[in-house]
Amino acid sequence: MSIRRVKAAIKKFNKFLITSHINPEADAIGSQVAMVFLLRKLGKVAVMLDDSPVPSLLQFIKGTEKISKEMPHDFDYQAIIILDSPDLARIGRVSEYIKKDAVIINIDHHISNINFGKFNWVEPEFSSAGEMVYDLFKAFKVKIDLDDAIALYAAIMTDTGSFRYSNTSSKTHRVVAELIDIGVQPYEMHTKIYETSSVQDTNLLGEALQTMKLTEDGKIAWLWVTKEMLKKTKASLEGTEGIINFARSIDGVEIAILFRETGTEDRVKASFRSKGKVDVNKLAGLFGGGGHPTASGCTVFGKIEDVEKKVLEKAKEAVNDKSCIH
Ligand SMILES: [Mn+2]
């Protein structure tokens, strides 16, 4: 579906509910906030409702204070815009608030998106949901002001790994150049989002790196974050985010995997990063997860050592299987 149909859909309605995925990062947060700013400028009413709280380091982005965790009693809406989420399970308990007659507008850049909406604008070539919302500002010919630009920049910067992942295009750079011209300070944004880690999170990184292993051919590197390690270091779950990049950055590594114990049951989140040869969206798909060809994840029930065994087996197949290589 093209942006024109989404634009037409947005034009048709006046009251919107806006949401994104659980455990939101800057793309989920920034794309929602920018979307709401856009809708307000179009004279529409929009309320943001998320399953999870806004991570503290993203709370400097104006508009995030309006993200609600509970559905306002007196709010009725005609359409719900869901950003950066490949399926309805990803929005968590917000899915319980979707009225039967509400129109779902699905705006996403995950290749694993299952087109769950009435309107589905899915662009796997886009760096981020933020970049898609930027295009909507352009489509509506709405001027981007500094608050919009900060939200959009945060979304694009983080989803491209600060403009170094393979989803970074010349267009991405043109977009952020414009955002910088509007007044965004790249140095300040980077400092606020990346250089505010706690000593606890850094200690966790040290613990996790101790667990790193590589396959004999050096193509797969993986590490663990256990509940025990989280308890010992008092690190936040958010603090686990960047750890996988240390495995990914090793020369010769094609797939990096981070196994994280989550919740109270035997449940392990496996995150995957690929340097581009192996499609880790497909790999995560084998375990009911998904994402992007170079960044994906899934949740597997079982003890961490058993999950590691199962996942590694498939990862090894993926590294050697030409059909999983694009
Ligand atoms: Mn995203």
Side-chain angles (χ1 to χ4, degrees), residues 3 6 18-38 48 50-52 54-55 57-58 61 63-64 67 81-92 94 105-117 120-137 148-169 171-173 175-176 179 189-190 193-194 238 240-242 244-245 248 258 269 271-274 276 279-281 284-285 289-298:
I3 187 170
V6 177
I18 313 293
T19 194
S20 185
H21 57 80
I22 51 173
N23 305 323
E25 14 66 331
D27 191 27
I29 297 293
S31 64
Q32 285 182 93
V33 167
M35 188 75 222
V36 167
F37 287 154
L38 170 63
M48 289 176 278
D50 279 12
D51 179 282
S52 323
V54 179
L57 55 84
L58 297 177
I61 299 169
T64 54
I67 297 178
I81 298 179
I82 302 177
L83 293 143
D84 202 35
S85 308
D87 55 53
L88 285 176
R90 284 290 283 155
I91 66 172
V94 174
I105 301 173
N106 165 20
I107 298 176
D108 186 28
H109 70 128
H110 290 86
I111 198 163
S112 57
N113 194 291
I114 58 164
N115 294 315
F116 54 85
N120 300 288
W121 181 33
V122 178
E123 300 276 11
E125 294 297 310
F126 275 57
S127 68
S128 51
E131 198 176 317
M132 297 177 77
V133 176
Y134 167 90
D135 274 19
L136 277 172
F137 270 86
D148 309 324
I150 287 172
L152 292 171
Y153 191 96
I156 299 168
M157 177 181 78
T158 51
D159 257 30
T160 57
S162 297
F163 316 106
R164 51 178 213 250
Y165 296 157
S166 59
N167 60 359
T168 309
S169 65
K171 187 203 159 197
T172 316
H173 281 286
V175 170
V176 296
L179 302 178
M189 294 293 288
H190 199 275
I193 294 180
Y194 290 117
E238 288 165 25
T240 63
E241 282 309 322
I244 193 168
N245 294 324
R248 181 188 186 269
L258 174 69
K269 171 139 203 267
S271 303
F272 303 97
R273 295 291 181 274
S274 160
D279 183 343
V280 290
N281 171 57
H292 307 286
T294 55
S296 66
C298 59

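Positions are given from 1, in the same order as the sequence printed here. Read the numbers this way: they start at 1 and go in the same order the structure lists the ligands and their atoms.
Rounding to the nearest 0.5 Å gives a distance of 5.5 Å between CH2 of Trp121 and CZ of Phe126.
Classified by interplanar angle (parallel below 30°, tilted 30° to 60°, perpendicular above 60°), the ring pair Tyr153/Phe163 is perpendicular.
Between the Mn ion (ligand 1) and Asp108 there is no N/O/S contact shorter than 2.8 Å. In summary, an N, O or S atom of Asp27 is located under 2.8 Å from the Mn ion (ligand 1). Because the distance cut-off is set at 2.8 Å, His109 qualifies as a neighbour of the Mn ion (ligand 1) through one of its N, O or S atoms.
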(message) Assess the residue pair Glu25 and Asp159 against the criterion (side-chain contact (heavy atoms from CB on, under 4.5 Å)); give the C-alpha distance rounded to whole Å, side-chain angles, the decisive distance to 0.1 Å, and a yes or no.
(response) CA-CA 9 Å; Glu25 14 66 331; Asp159 257 30; 4.1 Å; yes
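Atom OD2 is the N, O or S atom of Asp159 at the shortest distance from the Mn ion (ligand 1). Within Asp84, OD1 is the N, O or S atom that lies nearest to the Mn ion (ligand 1).
With a 4.5 Å cut-off on side-chain heavy atoms, Asn115 and Asn113 count as touching.
Between Lys171 and Asp135, at least one side-chain N (NZ, or NE/NH1/NH2) sits under 4.0 Å from a carboxylate O, which counts as a salt bridge.
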